[in-house]
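Note that the structure is a prediction, hence the values are computed from the model and not measured. Every chain is numbered from 1 and lettered A, B, ... according to where its sequence line falls, protein lines coming before strand lines.
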Number of protein chains: 2
Amino acid sequence: MVSIKDVARDAGVSPQTVSNCINNPSIVKPATRKVVQASIARLNYTPNASARRLRTQRSNTIGIGIAPVSYSQVYDRFLHALVTEADANGIRVLLYKTDSQQDEIRQFAALAARGDVDSFVLTDTTHDDPRLAWLHEHHQPFVLFGRPWGCGAMDDPSTPWVDVDGHYGIAEMTRHLILHGRKHIGFIGWPGVSGTGTDRYQGWRDTMLDARMVSGDELGQLYEEASNDIIAGQTACIALLDRRPDLDAIICVSDTLAVGAATALPNDTDIVITGFDDTVSSRSMGLSSIAQPLTESARHIIRITQEQLDAPAAAFTGTNDGGGAASTADSHSTGAPEIVAGAYTGSGSDGGGRGASSTSPVATPATAAATVPATVIARDDRHILLKPTIVIR
Amino acid sequence: MVSIKDVARDAGVSPQTVSNCINNPSIVKPATRKVVQASIARLNYTPNASARRLRTQRSNTIGIGIAPVSYSQVYDRFLHALVTEADANGIRVLLYKTDSQQDEIRQFAALAARGDVDSFVLTDTTHDDPRLAWLHEHHQPFVLFGRPWGCGAMDDPSTPWVDVDGHYGIAEMTRHLILHGRKHIGFIGWPGVSGTGTDRYQGWRDTMLDARMVSGDELGQLYEEASNDIIAGQTACIALLDRRPDLDAIICVSDTLAVGAATALPNDTDIVITGFDDTVSSRSMGLSSIAQPLTESARHIIRITQEQLDAPAAAFTGTNDGGGAASTADSHSTGAPEIVAGAYTGSGSDGGGRGASSTSPVATPATAAATVPATVIARDDRHILLKPTIVIR
DNA sequence: CTGTTAGCGCTTTCAT
DNA sequence: ATGAAAGCGCTAACAG
């Protein structure tokens, strides 16, 4: 392995100068820098990560857990997005197992103690999540993907999170259906009260009531619950149509349920089924869905992580610094999203056409969703709520 | 952070003795060891990973890639299994992105040069995979999950792999259906020649021909191809039933296709649909499927990785060392699988009932598949072919 | 602007 | 059986 000394000898300078060329090029005389960089290239030198970590006491690595099974079908795409954004910022991603929340806490302790990671990314936050308590107690940096529902930490500066606005997504989808002439729009949701599920449900409910498409009394008839699998989706769809044969659209809280519902439809029907997450399955079935801006989410997660680590002692002020999301990233952030401070349950037509032709976030079937940068609705720069993209097929 | 010096001071010994207590306890006098271990526990000491890595020049980390999308729905479970087995052996798992094979090669170079990982785990090997060429050329250790189909490296000692026997799984499923009175069994496979797809297809074909359930001429009528999505599965199923209304079972090369096929079935039918991978989707639909022994696979991958790293210079002899898979793992491997050397396309009834009541690998509906240790059919201890478990529902 | 010194935390010699 | 010395490769702090 070629080390910094080899480069130094080759370039006729001291190891320190080589180090400076890499970590602080501006303080090296251009001529010297040139020579050193030539040596680096010729010898194909790459700094040893362990040595650097030992010296700087920074691993430049974040940890993220993987559960025994993932029901969402979106986790692998999220991981890819996260790794991609991390990679672009010189950060590595370490995977650890999470068989339970307690197990994850054990992993926190081990990984943090060994200095394997600087920070963690958490998903699937639950009510009174013990992981948050542990992390806070041990002053361990982290970022949530998903809001800390019911933890009372929604606005806590020391509980940064990035999430996708399910309420908005479902509301937008509902509006789209209404605008295209659908009169009786049902909803299949998850049972129980989950933050995410309830949020999405309310997106449908609020829009339906706002548009006077349904009375409060009638709402229950258009609603069905189903655990997150295909069969449950089928069952719920059948129950819904049984109760309300006049339905002409059913919005599902997930793609899995949408796939189930779609397969339970009579052959000759015109009923529209929509899902959430724009998975391969729903896409192959031609269902409209709601795509989470995973790349954008990952970008913010990495940005916040970087900010935390670069300014560990600086207390968070709680005020938006004016620059917003775009201010930190050094040349990486292409198409930096605008930050629209304020409530996130806004009406669909937010000001500011931010792209080419389409003023609505509804993507045309042909143009892929990925090209449109996600719009941000945020409280401040450590609590980021992203708008999903409605994908109509 | 508490370091080895702190422990040494606390225990009244030298840092070296503390180090020995951790890495080589047997050479420390029991009394001293006791004292040191008490200090370690009291101070809650964990050795710093970077320092150890720098000193030993070993990262004890393996790298594995994540693609932009995964169609298999099994990758996340594999990752969990891999991380779990790695964790049990003191190995960390670093995730890197793989947008293409070339991209992955770039990652290899970067990660290897920085000393971030010792070895890689590769999946989705293709014909003349450029990644293998690169790894060989740079003497970079790795293990494949999945055979190197068509690379001519199937028996190459320096190309270790772990795979699950799709031919066997599908053959066993076919036999099961035959034994339960199914007379006309169709197959939905993937188009084109993929190693995995063809292997599974042949499991059906060989069994059908062996059992005289079909003539060679007739075979084509019972076979349909479909790209790996739900709609394609539906279409193929309909085409199949259209051509052969007498079908009473359809074996699908994947769960995704099985789900599609199942949803395309008439309401009152008795036709059995089976899939591959035992995913949440197919399970929720009550479909029989074939479960890959992911934990077992991961265990072998980690074992081989360890062996490679522990004996870097030792040339592989190509002979089974007699101990087989169970010989290396130190106390971790519970229920070590037997190794049955020989051809892998054996007839179903291989000798040796290895468990309780059931002599056939067909699991009963009630007892979960996971409890049965996977049987190994292997050429040698660096080329491991595992038997999947047939899950009947 | 560049070089020297020192040390991050650990483990492999080699003495004792 | 234990300790002392050295150094893995790198970078912060200072001196020049």
Side-chain angles (χ1 to χ4, degrees), chain A residues 1-37 39-40 43-61 90 92 111-116 118 309-310 312, chain B residues 1-37 39-40 43-61 90 110-116 118 309-310 312:
Chain A
M1 276 300 85
V2 37
S3 89
I4 201 169
K5 281 187 188 170
D6 300 318
V7 178
R9 197 175 322 113
D10 185 83
V13 296
S14 78
Q16 181 52 21
T17 302
V18 178
S19 175
N20 285 337
C21 284
I22 296 165
N23 301 302
N24 205 352
S26 61
I27 70 164
V28 179
K29 186 165 65 177
T32 332
R33 201 194 312 163
K34 211 99 177 183
V35 175
V36 172
Q37 275 161 349
S39 288
I40 289 176
L43 301 181
N44 202 13
Y45 166 70
T46 312
N48 180 288
S50 296
R52 178 179 277 175
R53 285 202 272 255
L54 176 58
R55 181 64 239 232
T56 61
Q57 302 289 57
R58 280 260 308 253
S59 68
N60 282 310
T61 304
R92 280 159 295 287
L111 292 171
R114 314 174 97 109
D116 275 327
D118 295 327
L309 298 179
D310 290 345
Chain B
M1 275 301 85
V2 35
S3 87
I4 202 170
K5 280 186 187 170
D6 301 317
V7 178
R9 197 177 319 113
D10 185 82
V13 297
S14 78
Q16 181 49 28
T17 302
V18 179
S19 175
N20 285 335
C21 284
I22 295 165
N23 302 303
N24 206 354
S26 61
I27 71 164
V28 179
K29 187 164 64 175
T32 340
R33 202 194 310 164
K34 211 99 176 184
V35 176
V36 172
Q37 274 160 352
S39 289
I40 289 176
L43 301 181
N44 201 13
Y45 167 69
T46 311
N48 180 288
S50 295
R52 176 178 278 177
R53 284 203 271 256
L54 176 57
R55 181 63 240 232
T56 61
Q57 302 288 61
R58 280 260 307 252
S59 67
N60 282 311
T61 305
L111 293 171
R114 313 173 97 108
D116 275 327
D118 295 327
L309 298 179
D310 289 344

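The nucleotide whose nearest atom lies closest to any side-chain atom of B/L54 is, among D/dC8, D/dC10, C/dC8, D/dC8. In this structure, of C/dT11, D/dC10, C/dC1, it is D/dC10 that holds the atom nearest to the side chain of A/I4. Of the candidate nucleotides D/dC10, D/dG3, D/dT2, D/dT2 has the atom nearest to the side chain of B/K29. The side chain of B/S14 approaches D/dG3 more closely than any other nucleotide in the set D/dG3, C/dT4, C/dC10.
Proximity of A/T56 to the phosphate of D/dT11: no side-chain N or O atom is located under 4.0 Å from OP1 or OP2. Distances shorter than 4.0 Å separate none of the side-chain N or O atoms of A/S3 from OP1 or OP2 on D/dG9. A sub-4.0 Å separation between OP1 or OP2 of D/dG9 and a side-chain N or O of A/R52 is absent. Checking the phosphate oxygens (OP1, OP2) of C/dC10, no side-chain nitrogen or oxygen of B/S50 falls inside 4.0 Å. When the side-chain nitrogen and oxygen atoms of B/T17 are compared with OP1 and OP2 of D/dG3, one or more of them lie within a distance under 4.0 Å.
Between the CD atom of B/Q16 and the C1' atom of C/dT12 there is a distance of 8 Å, rounded to whole Å. Put simply, CG on A/N20 is 10 Å from C1' on C/dG3, counting in whole angstrom units. Separating the CZ atom of B/R53 from the C1' atom of D/dG7 is a distance of 19 Å, rounded to the nearest angstrom. Distance NZ (A/K34) to P (C/dC1): 16 Å, rounded to an integer number of Å. Straight-line distance from the CG atom of A/N60 to the P atom of D/dC10: 15 Å, rounded to whole Å. A/N24 places its CG atom 12 Å from the P atom of D/dA13, with the value rounded to the nearest Å. One atom, CZ of B/R33, and another, P of D/dA1, lie 10 Å apart when rounded to the nearest Å. In this structure, the CE atom of A/M1 is 15 Å from the P atom of D/dC8, given to the nearest Å.
Smallest separation of non-hydrogen atoms from A/V35 and A/A11: CG1-O, 3.7 Å.
Each of B/T56, B/T61, B/N60 was checked for a side chain to side chain donor-acceptor pair (under 3.5 Å) with B/R58, and the lone residue meeting it is B/N60.
Remark: side-chain polar atoms of B/N23 are not paired, donor with acceptor, to backbone N or O of B/N20 under 3.5 angstrom.
Between A/R53 and B/D116, at least one side-chain nitrogen of the basic residue sits less than 4.0 Å from a carboxylate oxygen of the acidic one, meeting the salt-bridge criterion.
Residue-level contact check: A/Q57 touches the backbone only, with heavy atoms under 4.0 Å from sugar-phosphate atoms and none from bases. Counting non-hydrogen atoms under 4.0 angstrom, A/N23 reaches the backbone sugars and phosphates but no base.
Side-chain contact check for B/R52 versus B/I22: some heavy-atom pair is nearer than 4.5 Å.
When each of B/R55 and B/P30 is assigned the nucleotide of DNA chain D bearing its nearest heavy atom, the one mapping closer to the 5' terminus is B/P30.
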